[in-house]
Peer 1: 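If you scroll down you'll find the structure; I have some questions about it.
Chain letters run A, B, ... following the sequence lines, proteins first and then strands; every chain starts at 1.
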Number of protein chains: 2
Amino acid sequence: MSLPHAILGVLEARPMTGYELTRFFESTARWVWTAPQSQIYPLLRKLEDSGWVEGEHQLRGKHQRRTEYSITPTGLTELRRWLGEPHEEPSQRDGLLLKALFFDLSEPENAQAVLEEHITELQDRIEQWSAHRAMLLAQETPLLTERLKNRPAQDHRRISELKAHVFDYLIRQGKLRQQWCQETLELVHTN
Amino acid sequence: MSLPHAILGVLEARPMTGYELTRFFESTARWVWTAPQSQIYPLLRKLEDSGWVEGEHQLRGKHQRRTEYSITPTGLTELRRWLGEPHEEPSQRDGLLLKALFFDLSEPENAQAVLEEHITELQDRIEQWSAHRAMLLAQETPLLTERLKNRPAQDHRRISELKAHVFDYLIRQGKLRQQWCQETLELVHTN
DNA sequence: GATCGCATGTAAAGAGTTACATGATTTT
DNA sequence: AAAATCATGTAACTCTTTACATGCGATC
């Protein structure tokens, strides 16, 4: 749905091969939009058909083919068009909330285990998000560095703050969820 | 993925036809888990094959067939098993965050429009969630009323508070998102 | 020479969306 | 008589996941 535009947005920073995009969507980008390799390669060919990206065939060593994709002017126009399109919230599906709705049917100890494990997992993520946020603010992530090269220096701070702010949301939302789990723990135990 | 268990959880309150389940997943339930009619009917037959639900064939009027599904003891065991299973967070995909990440490429006015519309839409939802939360606390929703009939009176308050707490999360998360959009508005405008 | 990273592809299955299709019963 | 609601079904499509499959190049 939004994957084509996610790819366009990444390629706006610098040209990449399918492999590099795959790695990127498995690492940093996965906090905002995940995509496995099997989605990326076919989509790149589709995007090329649409004229939004352009692949340059290269050689790595003597025999290994690689295709480096760049965003085209048409692609950038499309990205900008999509950015101005109203955001439609997708239909909601939250497995934890669904479970919580029925926790009165399970043993309190089981519910407790589920909630505590989730709190721990969130803690992990919060730390990763915070680390990445700090790197963005310091303009130290590899992709942001590339991206800023094509922008006037006076905009650098604003751009990095905007990207960091996205991770700020993830952090705050994670903390809210932890807090909520904590409260749920109390609710499943009181009789 | 979790739809089978969502259905089991609903049927635990009372038996329903596919039509009633469809309506329920289009109304209240959609805030936690959505499902269209075309998913529900085939799934009910699958759940019956698994022995988790049981369909009773009835007649409405003289000619119209209806099948009312109830949860079986096996189904209730399965629901309880699933409740104790650790919650796996699904891969993240947030179209608004994705857009925000690239807002530095669009005209500030376009980004502003997207953010303001989202704030308004969230306001709408927050009001709906709040209304439903109040009804749950007052034990006035039709399904909760049915559900409480099979529970000792001393548990009623705890159960309704647990369900209301789920909507509490939705409300708080919505407000956090509104707040974040507000901050993003400032970020896209400063130069 | 073995291992790891780079690089690209497809196949099959599952989950979810949108649309089409039909007919009975109840309410206005 | 018309409109709304009750009731059930399928078809086609898109998106996503998991798995299988292959081979080159660089490094240890």
Peer 1: Over how many whole Å does the gap from Tyr41(B) atom OH to dA11(D) atom C1' extend?
Peer 2: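 About 17 Å, once rounded to whole Å.
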
Peer 1: Quick one: does Phe102(A)'s side chain get under 4.5 Å of Arg80(B)'s, heavy atoms only?
Peer 2: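 When only atoms from C-beta onward are counted, Arg80(B) and Phe102(A) do not touch, as no gap falls below 4.5 Å.
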
Peer 1: Do Glu89(A) and Arg177(B) pass the salt bridge (Lys or Arg N to Asp or Glu O under 4.0 Å) test, and can you show the C-alpha distance, the side-chain angles, and the key distance before you say yes or no?
Peer 2: CA-CA 12 Å; Glu89(A) 277 278 280; Arg177(B) 215 169 155 88; 3.1 Å; yes

Peer 1: Look at the side-chain N and O atoms of Arg93(B) and state whether any lies under 4.0 Å from the OP1 or OP2 oxygen of dT16(D).
Peer 2: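 Result: yes.
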
Peer 1: Can you tell me the distance, in whole Å, between the CD atom of Glu89(B) and the C1' atom of dT16(D)?
Peer 2: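 Taking CD of Glu89(B) and C1' of dT16(D), I get 17 Å after rounding.
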
Peer 1: Please confirm whether any donor atom in the side chain of Thr67(B) sits under 3.5 Å from an acceptor in the base of dT8(D), or the reverse.
Peer 2: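 Checked by distance alone, the answer is no.
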
Peer 1: Might you confirm whether atom CD of Glu107(B) has over 12 heavy atoms from other residues, nucleotides or ligands at distances under 6.0 Å?
Peer 2: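 No - once you tally the heavy atoms of other residues, nucleotides and ligands closer than 6.0 Å, there are 12 at most.
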
Peer 1: Provide, to the nearest angstrom, the distance between the CD atom belonging to Glu26(B) and the C1' atom belonging to dT18(C).
Peer 2: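 Atom CD in Glu26(B) sits about 13 Å away from atom C1' in dT18(C).
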
Peer 1: Using a cut-off of less than 4.0 Å, is there contact between a side-chain N or O of Arg60(A) and OP1 or OP2 of dG23(D)?
Peer 2: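 No, because none of the side-chain N or O atoms of Arg60(A) sits under 4.0 Å from OP1 or OP2 of dG23(D).
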
Peer 1: With a 4.5 Å cut-off on side-chain heavy atoms, are Glu78(A) and Leu8(A) touching?
Peer 2: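 Touching, per the 4.5 Å side-chain cut-off.
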
Peer 1: Using whole Å, what does the distance between atom P of nucleotide dA7(C) and atom CZ of Arg45(A) come to?
Peer 2: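 Nearest whole value for this atom pair: 16 Å.
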
Peer 1: Whole-Å distance between dA26(D) P and His63(A) NE2?
Peer 2: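 My rounded result for the distance is 11 Å.
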
Peer 1: If you compare every side-chain N and O of Ser38(A) against the phosphate oxygens of dA11(C) (OP1, OP2), does one of them come in below 4.0 Å?
Peer 2: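 No.
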
Peer 1: Indicate, yes or no, whether a donor-acceptor pair under 3.5 Å links the base of dT8(C) to the side chain of Gln37(A).
Peer 2: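 Side chain to base: pair present.
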
Peer 1: With no hydrogens and no angle check, do the side chains of His132(B) and Thr28(B) hold a donor and an acceptor under 3.5 Å apart?
Peer 2: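 Result is no, nothing qualifies.
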
Peer 1: Expressed in angstrom and rounded to an integer, what is the separation of Met1(A) atom CE from dC13(D) atom C1'?
Peer 2: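 Between C1' of dC13(D) and CE of Met1(A): 15 Å.
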
Peer 1: Rounded to the Å, how far apart are Phe25(B) CZ and dG16(C) C1'?
Peer 2: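 After rounding, the reported distance stands at 14 Å.
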
Peer 1: Hey, can you pull the residues of residues 9-21 of chain A with a non-hydrogen atom under 4.0 angstrom from DNA chain C?
Peer 2: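 Here the set is Thr17(A), Gly18(A), Tyr19(A).
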
Peer 1: What's the spacing between Thr120(B) OG1 and His118(B) NE2 if we round to 0.5 Å?
Peer 2: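 Reported to 0.5 Å precision, the distance equals 10.0 Å.
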
Peer 1: Give the rounded distance in Å between these two atoms: CD of Glu48(A) and P of dG9(C).
Peer 2: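 Whole-Å distance recorded here is 11 Å.
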
Peer 1: Between the base of dT8(C) and the side chain of Gln64(A), is there a donor and acceptor pair under 3.5 angstrom?
Peer 2: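 Absent.
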
Peer 1: With a 4.0 Å cutoff (strictly under), does any side-chain N or O of Arg65(B) reach OP1 or OP2 of dA24(C)?
Peer 2: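 So the side chain of Arg65(B) is outside the cut-off, no N or O lying under 4.0 Å from OP1 or OP2 of dA24(C).
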
Peer 1: Taking five pairs at each end, how big is the angle between the two axes of the helix from dG1(C)-dC28(D) to dT28(C)-dA1(D), to 10°?
Peer 2: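 Taking five pairs per end, the axes differ by 20°.
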
Peer 1: Counting the atoms with a prime plus P, OP1 and OP2 as sugar-phosphate, which does Thr22(B) contact under 4.0 Å by heavy atoms, base, sugar-phosphate, or nothing?
Peer 2: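 Result for Thr22(B) = nothing.
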
Peer 1: Any luck finding a side-chain donor-acceptor pair between Gln112(B) and His189(B) under 3.5 Å?
Peer 2: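 Gln112(B) vs His189(B): donor-acceptor pair found between side chains.
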
Peer 1: Using heavy atoms to find the nearest nucleotide of DNA chain D for Gly61(A) and Pro42(B) separately, return the residue whose nucleotide is more 5′.
Peer 2: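 The 5'-side residue here is Pro42(B).
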
Peer 1: Between Thr72(A) and Glu54(A), does any side-chain donor sit less than 3.5 Å from a side-chain acceptor?
Peer 2: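 No donor-acceptor contact under 3.5 Å links the two side chains.
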
Peer 1: Examine dC6(D): is either OP1 or OP2 under 4.0 Å from a nitrogen or oxygen in the side chain of Arg66(B)? Give yes or no.
Peer 2: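 Result: no.
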
Peer 1: Could you check whether Tyr169(A) and Trp180(B) have their ring centres less than 6.0 Å apart?
Peer 2: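 Under 6.0 Å, so yes.
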
Peer 1: Taking the side chain as C-beta and beyond, is there a heavy-atom pair between Thr67(A) and Gln58(A) under 4.5 Å?
Peer 2: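 A side-chain contact is absent here, since even the closest heavy-atom pair is not under 4.5 Å.
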
